[in-house]
Colleague: 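Quick one: this structure, given as structure tokens, is what I'll be asking you about.
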Amino acid sequence: MLERFFKLKKKGTTVKTEVIAGITTFLAMAYILAVNPNMLQETGLSYDGVFLATALSSGIATLIMGLLANYPVALAPGMGVNALFTYTLVFGMGYSPEAALAAVVVSGIIFLVISVTGIRKAIINAIPQQLKLAIGAGIGFFIAFLGFKNAGIIVSDASTFVALGDLRDPVVLLAIFGILVTIILMARKVPAAVFYGLIITAVVGVILGLCGVAGMPEVPSAIISFDLDTSGFGIFMNGFGELFSHPDCIVALFSLLFVDFFDTAGTLISVANKTNLVDKNGELANIEQALIADSTGTVIGGILGTSTVTSFVESTAGVEAGGRTGLTACTTAILFFLSIFFAPVLSVVTNAVTAPALIAVGISMATQLGGIEWDDIVFAAAGFITVIMMVLTYSISDGIAFGFIVYGLTSAIAGRAKDIKPIVWILILVFIAYFALI
């Protein structure tokens, strides 16, 4: 039955290989179960509620991807988009968590519509690859900055805005230890290096806590719990009025749509290239089904109480382990469902423990800078402004907006305005109007 449904022989794989690949993918992205609740609880949402929403939405969306598209791709709340949700929509634009979740649901519905109609594919193809790379790298820098800040390695300063934290603080030292361990594991090409780095840091922290060191993670009170927090389920319904009455409504929705656009596109393209899912015309097989699965995941995530669910680039870890079909994704989905009952164990995952994961993900995403044509001033200027403005304005959407505007202006000055597609000019005008109104 599994052979016929997932076409295992045709893909050159076996049930055993797919299961191992699914486990590998889960281990590579399991850090999201701790990092996402840690980040979203800053908005006022319940940690346990976000944990349940993260695990459940990841499992459902990943299962849909495996069954509908037969892709070895797992989904979960995206690292870039959860930062956008927390630090831009809630802290920057002033939305309540309920209104921000309503924006997630609406953006997911829009995603679903444009995925079915093919508009999503057209927009993705219209954006220059150079800007896609810059956006991905910029989000990486932003996420890494959050990691350094949360760990206390970087602190605010009245004179210089930011400064080095207290390196004698045990919490800071634990984070630095975790960063070094994670980087070493990544350098050694250990599968699921980010996850293992997180585990090692948490264990060392607990041991130090037992030895009397202040600020360390505490031993969990239990291993398994059936006390589930469903407080986030459906609260998006309370945010529609605020969302649509907010002056930045269109910008908020567009930011969610835009960031998820290229997160998903990059992941699917990366996985497809490694699994022979690209046809002779350069198009991805079953791409419509994959995009529908991704869009549906976003809607489900918002309904359950978490930020945008998207395809995870860590799925490539499972592909490297031999995963070629949706059975890999289904295996990962089952593990997400099982993780729901192990929430108490994740209480040891503090900011100091998650900081190495954030920084490691930032490092991985920053490698996209290598694909930018730095000897071309149009791409160099747009890419540089995109990255640096994301960090300095503490806003992913502002960085994207500035990058597009610079891209349009430098292209026009360089006599290359004709190279810009109409859709991109429309986006540039939208961003200019946004800055004129705020």
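Residues: numbered from 1 along the sequence shown.
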Colleague: How would you list all residue pairs meeting side-chain hydrogen bond (donor to acceptor under 3.5 Å, both in side chains) that involve residues 235-245, not counting sequence neighbours?
Modeller: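 Listed once each, the pairs are S96-E242.
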
Colleague: Centroid-to-centroid, F26 to F195, below 6.0 Å?
Modeller: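 No, the ring of F26 stays outside the 6.0 Å limit from the ring of F195, centre to centre.
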
Colleague: Could you check if a side-chain atom of M79 sits within less than 4.5 angstrom of a side-chain atom of L358, using non-hydrogen atoms only?
Modeller: yes

Colleague: Determine, step by step, whether F85 and L40 satisfy the side chain to side chain contact (heavy atoms under 4.5 Å, CB included) criterion, reporting the C-alpha distance in whole Å, the side-chain angles of both residues, the deciding distance to 0.1 Å, and the verdict.
Modeller: CA-CA 8 Å; F85 180 98; L40 265 61; 4.1 Å; yes

Colleague: Please answer whether the main-chain N or O of M93 pairs with a side-chain N or O of H246 as donor and acceptor at a distance below 3.5 Å.
Modeller: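 Present.
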
Colleague: Taking side chain to side chain contact (heavy atoms under 4.5 Å, CB included) as the test, write out the residues that go with F244, two or more places apart.
Modeller: V106, F240, C249

Colleague: Does some side-chain heavy atom of M216 sit less than 4.5 Å from a side-chain heavy atom of L174?
Modeller: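 Counting from C-beta outward, L174 and M216 do come under 4.5 Å.
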
Colleague: Test side chain to side chain contact (heavy atoms under 4.5 Å, CB included) on L67 and F6 and set out the steps.
Modeller: CA-CA 8 Å; L67 296 177; F6 293 107; 4.1 Å; yes

Colleague: Is a side-chain donor or acceptor of N70 paired with a backbone partner of G326 at a separation under 3.5 angstrom?
Modeller: yes

Colleague: Classify the side-chain pair Y71/Q289 by whether it contains a donor and acceptor separated by less than 3.5 Å.
Modeller: no

Colleague: Can you find a heavy atom in the side chain of E98 that is under 4.5 Å from one in the side chain of L243?
Modeller: no

Colleague: If only atom types and distance count, is the side chain of T386 paired as donor or acceptor with the main-chain N or O of A134 below 3.5 Å?
Modeller: no

Colleague: Please check: side-chain N/O of S315 versus main-chain N/O of S311, any donor-acceptor pairing under 3.5 Å?
Modeller: no

Colleague: Who passes side chain to side chain donor-acceptor pair (under 3.5 Å) against T328, sequence neighbours left out?
Modeller: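 With sequence neighbours excluded, T328 shows a side chain to side chain donor-acceptor pair (under 3.5 Å) to E18, given in chain and number order.
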
Colleague: Quick check: does any side chain N or O of R324 sit under 3.5 Å from a backbone N or O of P72, one acting as donor and the other as acceptor?
Modeller: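 Answer holds: no.
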
Colleague: Within this structure, what is the CZ-CG distance for the pair F379 and D376, rounded to the nearest 0.5 Å?
Modeller: 5.0 Å

Colleague: Taking atom CG of L133 and atom CD1 of I372, what is their separation to the nearest 0.5 Å?
Modeller: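 It is 6.0 Å, given to the nearest 0.5 Å.
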
Colleague: Before you tell me yes or no, could you show the steps for L257 and F111 under side chain to side chain contact (heavy atoms under 4.5 Å, CB included), namely the whole-Å CA-CA distance, both residues' side-chain angles and the distance that decides it to 0.1 Å?
Modeller: CA-CA 7 Å; L257 287 165; F111 261 139; 3.9 Å; yes

Colleague: Kindly state whether the ring of F431 and the ring of F254 have centres lying under 6.0 angstrom apart.
Modeller: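 Yes: the rings meet the under 6.0 Å criterion.
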
Colleague: Considering only heavy atoms from C-beta outward, does the side chain of T325 approach that of F5 to under 4.5 Å?
Modeller: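 A side-chain contact is absent here, since even the closest heavy-atom pair is not under 4.5 Å.
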
Colleague: Let me confirm one number: the CD1-CZ distance from I32 to F51, rounded to the nearest 0.5 Å.
Modeller: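 Going from the CD1 atom of I32 to the CZ atom of F51 covers 12.0 Å.
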
Colleague: Could you name each residue pair satisfying side-chain hydrogen bond (donor to acceptor under 3.5 Å, both in side chains) that touches residues 42-60, not counting sequence neighbours?
Modeller: N36-T54, E42-Y87, S46-D229

Colleague: So, taking the atom named CG in L89 and the one named OH in Y95, what distance separates them when rounded to the nearest 0.5 Å?
Modeller: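 Atom-to-atom, L89:CG and Y95:OH are 6.5 Å apart.
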
Colleague: Within this structure, what is the CZ-CG distance for the pair F142 and L84, rounded to the nearest 0.5 Å?
Modeller: 8.5 Å

Colleague: Give me the atom names and distance for the closest heavy-atom approach of A293 to L75.
Modeller: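 Shortest heavy-atom separation between A293 and L75 comes out as O-CD2, 4.4 Å.
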
Colleague: Got a list of side-chain donor-acceptor pairs under 3.5 Å for residues 404-413, not counting sequence neighbours?
Modeller:
residue, atom, partner, partner atom, Å
T410, OG1, V406, O, 2.7
T410, OG1, Y407, O, 3.3
S411, OG, Y407, O, 2.7

Colleague: Search all heavy atoms of A360 against all heavy atoms of M186 and return the closest pair with its distance.
Modeller: CB-SD, 3.6 Å

Colleague: Please find the pair of heavy atoms, one from N351 and one from N150, that lie closest to each other, and give the distance.
Modeller: CB-O, 3.6 Å

Colleague: Is there a side-chain contact between E218 and V206, using heavy atoms and a 4.5 Å cut-off?
Modeller: no

Colleague: Tell me whether L429 at atom CG has more than 12 heavy atoms from other residues, nucleotides or ligands lying less than 6.0 Å away.
Modeller: yes

Colleague: Is there a donor-acceptor pair closer than 3.5 Å between any side-chain N or O of S107 and the backbone N or O of V104?
Modeller: yes

Colleague: Specify the closest pair of heavy atoms between L131 and G403, including all atoms of both residues, with the distance to one decimal.
Modeller: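 Result for this residue pair: CD2-O, 4.2 Å.
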
Colleague: Find the distance between CD1 (I176) and OG1 (T201) and round it off to the nearest 0.5 Å.
Modeller: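 Going from the CD1 atom of I176 to the OG1 atom of T201 covers 12.0 Å.
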
Colleague: Please tell me if the side chains of K421 and L427 come closer than 4.5 Å, counting only heavy atoms from C-beta onward.
Modeller: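 Result no, sub-4.5 Å side-chain heavy-atom pair not found.
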
Colleague: Checking L52 against F233 for the side chain to side chain contact (heavy atoms under 4.5 Å, CB included) test, could you report, in this order, the C-alpha distance in whole Å, the side-chain angles of both residues, the deciding distance, and whether it holds?
Modeller: CA-CA 10 Å; L52 177 60; F233 288 17; 3.7 Å; yes

Colleague: Let me see the working for F91 and Y394 under ring pair (Phe, Tyr, Trp, His ring centres under 6.0 Å), right down to the final yes or no.
Modeller: CA-CA 10 Å; F91 292 159; Y394 211 66; 8.6 Å; no

Colleague: Show every donor-acceptor pair shorter than 3.5 Å between a side-chain atom in residues 158-165 and any protein atom, with sequence neighbours excluded, or say none if there are none.
Modeller:
residue, atom, partner, partner atom, Å
T160, OG1, D157, OD1, 3.1
T160, OG1, V162, O, 2.8

Colleague: May I ask you to test the T296-L68 pair for a side-chain heavy-atom distance under 4.5 Å?
Modeller: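 Not in contact.
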
Colleague: Of all the heavy-atom pairs spanning F141 and V387, show the shortest one and how long it is.
Modeller: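 Looking at all heavy atoms of both residues, the shortest contact is CD1-CG1, 3.6 Å.
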
Colleague: Indicate the atoms forming the closest heavy-atom contact of G239 with A102, along with that distance.
Modeller: C-CB, 3.9 Å

Colleague: Side chains of I200 and L185, heavy atoms from C-beta outward: is any pair under 4.5 Å?
Modeller: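 Answer yes - side chains close enough.
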
